Amino acid sequence: MKMNNHKVWQCILCDFLYDEYLGLPEHGIAPGTRWQDVPDDWECPDCGVGKADFEMQELQTAITA
Amino acid sequence: MNEPIVIIGAGQAGAELALALRRGGCTQRIVMKGDEPYLPYRRPALSKGFLSGKVPESALYHTTAERLADNDIEFMPGSRIVHVDPARKLITSADQKVLRYSKLAFATGGSPRQIECPGADLSNINYLRTIDDACLLRKTLTSGTKLVVIGGGFVGLEIAATAKEQGADITVLEAGPRVLRRSTCAEIAAFISEQHLSAGVKIAVNKQVRAFHSLGTKAVTAVECADGTVYPADLVVVGIGLIANDELAASAGLDVDRGIIVDELGQTSDPDIVAVGDCANSMNTFCGYRLRLESVQGAMEQARVAAMTMLGKGIVARSIPTFWSDQYNLKLQMIGVPTDADQIITRSYPNRESFAAFYVRNGILKAAHFINGASDIMAARRLIMEEIPVSNKDLINPSMPLNSLLTETAA
């Protein structure tokens, strides 16, 4: 699957990364799911903070390398 | 002369350093040596989901072999380094192989503090730091196991909570007057203790272990405390702190003081050597003093900063220490440095499931600890970083979102 401008979002508490390209299939979020389409009540799988406590990563594309 | 950059240690900090070097444009060879046989992995779940079996081993890995290969990172697991010679820029591994480096990184992590008393070498006295430790513990933990946890810190309490779900009979022995003394305030600690008690975990404080006993076998059968009390045990787990793995650096002549001393760029006392993660006692730009953080987020941040330092483009990041834990259905999230405050304001919620503690100095928030969704880490971070004045009245009030404290002052 090709995805343009996919972004990576980082949990500010525990450093967990959500990569739009990869999604989070084990949590029911399909690969390619944009951040805005991740449910609002979704929580960080590692530390449990809310979606609002994630920040967009600047080095997005390189991260998935 | 094109000697590689060498990273000693393949935990999260080491792996992130290697990947950050490539992201930063590094074209040199990168060699990463780890003493464990595993790919770089994340340790937090070892005392929680991995121990209970809910999280598979595959979910622990920080990165994949393919990704390391794609990034031209030469990963060498099972390779313990025994000597570093900074004058000649050489490292020697346990199998006596010598490797020359151009720049070197210590990401050697930490080791569990060992308990010293008679009987400490009996079997079934365990520590928890590695996948192997957790697998061993998981095998020994069965329903009805009499487990004594020594140390009421995060690792000990997380193990207790997980083991309780497996049906073990658990007693936590804490040497001090209460649990979590080094990490959180009495109110949060009491909230967490209560969960343990209602789950049926026994917590005993002011219990210094004097000896371990066995009944003629090699396995521990009882724990004896300094006050004479004796606790029967089939299994003991000791969680009494982490010691920085800094001996290698110390014997190489680097400055060491309960961790390898580094500045805000990750630089050690040798200009060609950095240190990151649990092994480093580093200058924290947020606090303005040196501290050894035992935190994932801190380790990752340090790795990214040190990578830039190695590439000659020093960037200082002003990052706030953060930490988290989960026990039963409790999620604890912490941001900031409580010791910088002189006042604690607590916030209770009507649902009784959530709780927060705010650490304040002169009307400025220094740290915040949240239990169960009471969190607004982003707002707390801004309040702390930007030193936005807050009133105790607003902090106490559970219907006052932290977010609105940001806008209120901006207006």
Side-chain angles (χ1 to χ4, degrees), chain A, chain B residues 12-13 16 19-20 22-25 42 44-45 48-49 55-56 58-60 62-63 66-73 295-301 303-304 319-326 329-335 370-382 385 401-403:
Chain A
M1 183 196 56
K2 190 82 191 140
M3 193 178 179
N4 292 323
N5 298 320
H6 77 274
K7 296 189 171 66
V8 173
W9 291 74
Q10 179 182 24
C11 174
I12 66 168
L13 192 80
C14 77
D15 216 275
F16 181 89
L17 297 179
Y18 175 79
D19 185 326
E20 294 181 337
Y21 179 74
L22 301 173
L24 216 53
E26 62 274 32
H27 292 261
I29 300 174
T33 305
R34 295 285 183 193
W35 181 245
Q36 67 257 29
D37 298 324
V38 171
D40 287 337
D41 60 357
W42 177 83
E43 289 181 345
C44 175
D46 275 4
C47 74
V49 300
K51 192 180 162 186
D53 295 322
F54 275 67
E55 273 182 342
M56 205 203 298
Q57 268 252 0
E58 280 170 36
L59 295 156
Q60 318 108 344
T61 40
I63 289 255
T64 332
Chain B
Q12 260 189 283
E16 186 63 16
L19 292 165
R22 282 288 178 250
R23 286 203 299 275
R42 308 181 296 158
K48 312 176 190 108
V55 171
S58 59
L60 298 179
H62 176 60
T63 187
E66 293 73 36
R67 189 168 165 219
L68 291 176
D70 287 349
N71 281 279
D72 272 327
I73 294 161
S295 122
V296 171
Q297 172 263 2
M300 302 290 274
E301 195 89 38
R304 291 168 193 141
S319 80
I320 302 190
T322 63
F323 199 82
W324 83 94
S325 173
D326 53 71
N329 294 321
L330 282 187
K331 284 193 182 297
L332 174 65
Q333 294 143 353
M334 315 196 283
I335 184 164
F370 301 102
I371 290 175
N372 281 355
S375 71
D376 187 347
I377 299 288
M378 196 68 89
R381 186 171 74 162
R382 275 195 60 198
M385 284 286 245
L402 288 189
N403 251 328

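Order of the sequence lines fixes the chain letters, A, B, ..., with proteins taken first and strands second; residue numbering starts at 1 for each chain. Computed from a predicted model, the values in this text were never measured in an experiment.
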Quiz item: So which part of B:Ile377 gets closer than 4.5 Å to some heavy atom of chain A, the side chain, the backbone, both or neither?
Solution: both
Self-check item: Side-chain touch A:Phe16/A:Pro45, heavy atoms, less than 4.5 angstrom
Solution: yes
Exercise. Kindly give the heavy-atom pair with the smallest separation between B:Met378 and A:Asp53, and that separation in Å.
Key: N-OD1, 2.8 Å
Practice problem: Report the distance from atom CD1 of A:Ile29 to atom CG of A:Leu22, rounding to the nearest 0.5 Å. | Solution: 12.0 Å
Quiz item: Any side-chain heavy-atom pair from B:Thr322 and A:Ile12 closer than 4.5 angstrom?
Solution: no
Self-check item: B:Arg22 portion near chain A, given a 4.5 angstrom heavy-atom threshold
Solution: neither
Self-check item: Residue among B:Arg381, B:Lys331, B:Met334, B:Arg42 with most heavy-atom pairs under 4.5 Å to chain A
Solution: B:Arg381
Exercise. Not counting sequence neighbours, which residues clear ring-ring contact (aromatic ring centres under 6.0 Å, His included) with A:Phe54? List them please.
Key: A:Trp35, A:Trp42
Self-check item: Contact winner vs chain B - A:Glu43, A:Gln10, A:Glu55, A:Glu26, heavy-atom pairs under 4.5 Å
Solution: A:Glu55
Quiz item: So which of B:Arg304, B:Gln12, B:Lys48 has the largest heavy-atom pair count under 4.5 angstrom toward chain A?
Solution: B:Arg304
